[in-house]
There are 2 protein chains.
Amino acid sequence: MGTPAFMKLEVQIKMNASLYLRDPEQSELGKNIIKFSIELIHKHGFEAFTFKKLAEAIGTTEAGVYRYFENKHKLLVYIISWYWGWLEFQIGYQTKNVTNPVSKLKKVITILATTVEDDIMTGYVDESLLHQILISEGSKAYLTKQVSQDNKQEYFKPYKDLCNTVGIIILECNSKYKYPHSLASSIIEVAHLQNFFMHNLPSLTDFSKSKNEDQIIIFLNDLVFSSIEK
Amino acid sequence: MGTPAFMKLEVQIKMNASLYLRDPEQSELGKNIIKFSIELIHKHGFEAFTFKKLAEAIGTTEAGVYRYFENKHKLLVYIISWYWGWLEFQIGYQTKNVTNPVSKLKKVITILATTVEDDIMTGYVDESLLHQILISEGSKAYLTKQVSQDNKQEYFKPYKDLCNTVGIIILECNSKYKYPHSLASSIIEVAHLQNFFMHNLPSLTDFSKSKNEDQIIIFLNDLVFSSIEK
DNA sequence: TTATTTATGATAGTAATACTATTATTTAAA
DNA sequence: TTTAAATAATAGTATTACTATCATAAATAA
């Protein structure tokens with residue numbers, strides 16, 4: 001059952017093996033764990049998400065899920081890391097022919113701030129749901145007491161790599177700019193926060209009426225290019 | 001026991017009554033709930049914080065705590081709201097003689113990005129711990145599935161008021177600036193995020209070596225004034 | 001002062017969560 | 001074909017997040 005591997009064109013995101021007990025990409029059950037986690041976390045939020053509900057949704061048992069992931073925090077970190085890895089790939093792919101660094105940075109800001117469409121190259125992952133999860137649950141991956149241990153285990157490497165990539169583009173725009181890493185992480189986080197605020201706490205933004213992501217992009221472009229082209 | 005009320009100079013922060021079942025400011029037990037919540041959440045993080053542990057720390061019972069707060073989420077929102085209210089007061093107080101809007105905004109950025117000292121005017125609240133809690137737990141108050149209901153109940157009013165205050169100062173600096181609310185909320189959030197990253201995921205910032213908050217202030221000033229003085 | 005309300009303390013209990021462990025069964029690899 | 005590995009089925013435990021009850025202490029009102 002299922003198409004043989006050689007007939008698929010699939011994007012493989014390399015994952016940190018210490019995030020899981022058994023590699024979820026290597027089995028049908030594993031792929032279902034990822035697929036249904038994304039759906040359930042998106043639908044009910046991370047707090048209400050449990051391995052029991054996940055198991056029921058998949059049609060397996062709680063113990064079955066525990067064979068793949070130690071706990072739901074690692075599963076969250078896994079899917080979030082996956083997303084950062086995928087985004088890094090998207091950015092590389094979508095900017096590969098862009099030579100002008102300003103255009104490139106604009107393109108990156110657009111990618112970071114835009115709800116993605118589901119990428120058919122990645123079978124069991126719905127990127128548009130993942131993007132929503134990142135907005136509302138993303139920071140919970142690192143806002144924990146174990147952040148330093150998790151960091152030592154390289155759990156945040158894809159996120160750090162992405163920030164680094166963005167930082168490099170910032171320096172290409174202006175090699176004298178002093179805060180490329182801070183600006184990069186701020187762009188990513190502000191893109192998500194303003195999106196969340198726009199939809200849920202609109203008075204914290206200036207985008208209340210239309211709820212259009214383009215406004216966030218314009219705001220970010222203004223913020224970023226004022227700073228680096230000053 | 002305790003000093004009579006008329007002998008104290010106390011700052012009272014007006015709290016939204018639907019956050020609690022019984023007003024914690026009106027009793028010794030209530031004040032202890034706030035005081036020890038701040039200590040325990042700071043020490044162990046919000047996820048590991050339970051009403052049972054809190055009750056044990058205070059020397060009361062779980063049921064005793066439940067008579068004040070329905071659940072730990074409301075308690076978190078309570079102490080966070082308290083902090084925003086207190087910060088609003090601080091900003092008003094510390095900028096009341098500053099007429100130049102640029103100086104005022106700089107002062108505000110400094111207040112937002114600096115670890116506060118414990119304010120002796122507020123008996124049972126340790127503001128420096130609260131500031132740390134805000135950095136690592138603050139966004140958990142609104143990053144939930146009930147954010148819209150909570151917002152309808154005005155749980156985030158102190159935060160929104162603060163953003164509004166900052167937004168007004170931004171407009172005083174440049175009345176043509178288009179995104180005063182978004183910039184205000186971004187300043188507050190970026191101040192906290194960069195602080196968290198500096199201490200826990202330093203490669204996401206450019207402040208790795210010294211771990212000095214002043215660098216965050218300089219970064220924010222650069223970011224903000226480039227945008228609004230453009 | 002006594003009566004009465006109100007807050008607290010002590011204790012119990014429940015459903016759900018976050019796991020661990022055991023055994024049987026199925027599926028896949030050697 | 002044997003053997004190993006993955007899964008399903010089931011059970012069990014400690015902790016969490018509550019709700020409920022009743023006795024007692026403290027504050028307040030009659």
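Values below: all heavy atoms of this structure, side chains included; hydrogens, waters and symmetry mates excluded. As the structure is a prediction and not an experimental result, all values here were calculated from the model.
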Check: Could you write nucleotides 25-30 of chain C as a row of B, S and -, 5' to 3', where a protein heavy atom under 4.0 Å of any base atom gives B, of only sugar-phosphate atoms gives S, and otherwise -?
Finding: ------
Notebook entry, point to check: Rounded to the Å, how far apart are A:Leu75 CG and C:dC19 P?
Noted result: 12 Å
Check: Just checking B:Lys52: base, sugar-phosphate only, or nothing, at a heavy-atom cut-off of under 4.0 Å?
Finding: nothing
Margin query: So that I can tick it off, tell me whether A:Lys140 and A:Glu47 are bridged by a salt bridge, with the cut-off set at under 4.0 angstrom between side-chain N and carboxylate O.
Written below: yes
Next item on the list: Kindly say whether A:Ser203 contributes a backbone atom to a donor-acceptor pair with the side chain of B:Lys160 at under 3.5 angstrom?
Entry: no
Next item on the list: Mind calculating the distance between CD (B:Glu70) and C1' (D:dA17) to the nearest angstrom?
Entry: 12 Å
Note to self: Restricting to non-hydrogen atoms, name the atom on B:Arg22 and the atom on B:Arg67 that form the minimum distance, rounded to 0.1 Å.
What the structure shows: NH2-CD, 3.3 Å
Next item on the list: Return the value, rounded to whole Å, for the distance between atom CD of A:Glu56 and atom P of D:dA9.
Entry: 13 Å
Checklist line | Nearest-angstrom distance from the residue atom CG of B:Leu21 to C1' of D:dA20 | finding: 15 Å
Note to self: Under a 3.5 Å threshold, yes or no: a donor from one side chain and an acceptor from the other, between B:Ser186 and A:Gln194?
What the structure shows: yes
Check: Considering residues at least two apart in sequence or located in another chain, which fulfil the ring pair (Phe, Tyr, Trp, His ring centres under 6.0 Å) criterion with A:Tyr66?
Finding: A:Phe51
Notebook entry, point to check: In terms of ring plane angle, is the pair A:Tyr20 and A:Phe69 parallel, tilted or perpendicular, where the classes change at 30° and 60°?
Noted result: perpendicular
Next item on the list: Could you state the atom-to-atom distance from NE2 of A:His73 to P of C:dC19 in whole Å?
Entry: 12 Å
Item checked: Length of the CZ-C1' vector between A:Phe46 and C:dA18, whole Å -> 12 Å
Margin query: In this structure, is the centre-to-centre distance between the rings of A:His131 and A:His42 below 6.0 Å?
Written below: no
Next item on the list: Remember a base hit wins even if backbone is also touched, and classify A:Tyr66 as base, sugar-phosphate or nothing at under 4.0 Å, heavy atoms.
Entry: base
Next item on the list: Rounded to the nearest angstrom, tell me the gap between atom CG in A:Leu54 and atom C1' in C:dA18.
Entry: 14 Å
Next item on the list: Establish, yes or no, whether the cationic atom of A:Lys74 lies under 6.0 Å from the six-membered ring centre of A:Tyr78 and within 45° of the ring axis.
Entry: no
Notebook entry, point to check: How would nucleotides 7-12 of chain C be written as a contact map, 5' to 3', with B for base contact, S for sugar-phosphate-only contact and - for no contact, using protein heavy atoms under 4.0 Å?
Noted result: SBBBB-
Check: A:Glu47 has an atom CD; how far is it from atom P of D:dA17, in whole Å?
Finding: 11 Å
